[in-house]
There are 4 protein chains.
Amino acid sequence: MADVGGIAGAQLRSYIERVERLEEEKAALAADIREVFAEAKATGFEPKVMRQIIKLRKLEQADRQEQEALLELYLAAIGMGPEPEGIEPPVA
Amino acid sequence: MADVGGIAGAQLRSYIERVERLEEEKAALAADIREVFAEAKATGFEPKVMRQIIKLRKLEQADRQEQEALLELYLAAIGMGPEPEGIEPPVA
Amino acid sequence: MADVGGIAGAQLRSYIERVERLEEEKAALAADIREVFAEAKATGFEPKVMRQIIKLRKLEQADRQEQEALLELYLAAIGMGPEPEGIEPPVA
Amino acid sequence: MADVGGIAGAQLRSYIERVERLEEEKAALAADIREVFAEAKATGFEPKVMRQIIKLRKLEQADRQEQEALLELYLAAIGMGPEPEGIEPPVA
DNA sequence: TCCAATCTTAA
DNA sequence: TTAAGATTGGA
């Protein structure tokens, strides 16, 4: 960072502003989510229950992904793993 | 929840899916942020320091906003507050 | 903490030492776990696969617990929640 | 893993259950630690500060151990190292 | 050694 | 209750 105030500074500022912009968008989404819960609540759905359902669905999805990862590991362990990306398997 | 499987169920599902979609977008933004840090790091900027700077700037911004809120309060107190949102100021 | 060096100091030191002892035990357990993995690996089991299995089992257990929590919430939502602890339900 | 359901399976299960048991104990210790902090907090000590102190002490301990390691190295370098572990020093 | 994730705490 | 920070484990 010898170039204080020069190119390096401009570049750093650019990175920081990019992050800040993304964080703003993230905060906006968080606000949107809160709004959906509020709307649902106004319609008579308990946010607490909704959150529980969402959590459960996420867990189930994670389950599925773990199952697949495990399967792949097993396949790899017995020498049936996937070919390295971008390399065609030899056509015997 | 007397309406199991009926309208209420469809509506609940709709709310839940909206939340899940928003959470996915939020996760995507988090990934984007990580990417920016990674890119910056590859260019020679320490993510750790960058985070500190961002935090600092956020604090300063909060300060400013507090200042502005205070200013507005004072203005309102002396009868110079802003018009309520959505209402056009009288065109004398 | 007006009593610097006096009773309060002794008490604080006691708390801190209790935590430190517990953390030592925790570190010892972590070392034990690493050992088991090492031993298993020496016997021909892939730690990676083992970890995946353990993770999956944990997820499944979490699933079950979430299911139960959700059920309880639903029951509560329709006014069939559990009686307060320690109070016998009226025997009609 | 040709021995599905046989000896190898039993052995793998045993390893996994050992790890799970150890992880449970570890979780229990983590809970104990939380309890101590809670108790200390109820007595008026800030957990935040306590954590800082503990961290500091750990660092100092690491320092000391480094010092000792260095000392041992020096001693070894001048032929005054400790006897190898598990071997009784000759009783002259 | 660094990154990712989990967990915990502070707002 | 959510978001940030710290800690821990894995690659």
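Sequence lines set the chain letters: A, B, ... in the order given, protein chains first and strands last, and positions in each chain run from 1. Everything numeric here is computed off the predicted structure, so don't read it as measured data.
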Please state whether the phosphate of [N], meaning OP1 or OP2, lies under 4.0 angstrom from any side-chain nitrogen or oxygen of [X].
X        : N      : result
Arg34(D) : dT8(E) : yes
Lys26(C) : dT8(F) : yes
Lys41(B) : dC2(E) : no
Arg51(B) : dG5(F) : no

[atom2] on [Y] to [atom1] on [X], rounded to 0.5 Å:
X        : Y        : atom1 : atom2 : result
Leu29(B) : Arg34(B) : CG    : CZ    : 11.0 Å
Lys41(B) : Lys48(B) : NZ    : NZ    : 10.0 Å
Lys26(A) : Glu23(A) : NZ    : CD    : 6.0 Å

Q: Work out which heavy atom in Val19(D) is nearest to a heavy atom in Ile33(C); give both atom names and the distance.
A: CG1-CG2, 4.2 Å

Just checking [X]: base, sugar-phosphate only, or nothing, at a heavy-atom cut-off of under 4.0 Å?
X        : value
Lys58(C) : nothing
Ala38(B) : nothing
Lys48(B) : nothing

Q: Measure from the side-chain heavy atoms of Lys55(D) and tell me the nearest of dT7(F), dA3(F), dG9(F).
A: dT7(F)

Grab the [atom1]-[atom2] distance between [X] and [N] for me, whole Å please.
X        : N       : atom1 : atom2 : value
Glu46(C) : dA11(F) : CD    : P     : 11 Å
Arg57(B) : dA4(F)  : CZ    : C1'   : 19 Å
Asp32(C) : dG9(F)  : CG    : P     : 13 Å
Met50(D) : dT9(E)  : CE    : P     : 12 Å
Glu23(C) : dT8(E)  : CD    : P     : 13 Å
Gln52(D) : dA10(E) : CD    : P     : 11 Å
Phe37(B) : dA4(F)  : CZ    : C1'   : 13 Å
Leu22(D) : dG9(F)  : CG    : P     : 13 Å

**Q.** Criterion side-chain contact (heavy atoms from CB on, under 4.5 Å) on Leu75(A) and Leu71(A), from CA distance to verdict
**A.** CA-CA 6 Å; Leu75(A) 290 176; Leu71(A) 175 61; 4.2 Å; yes

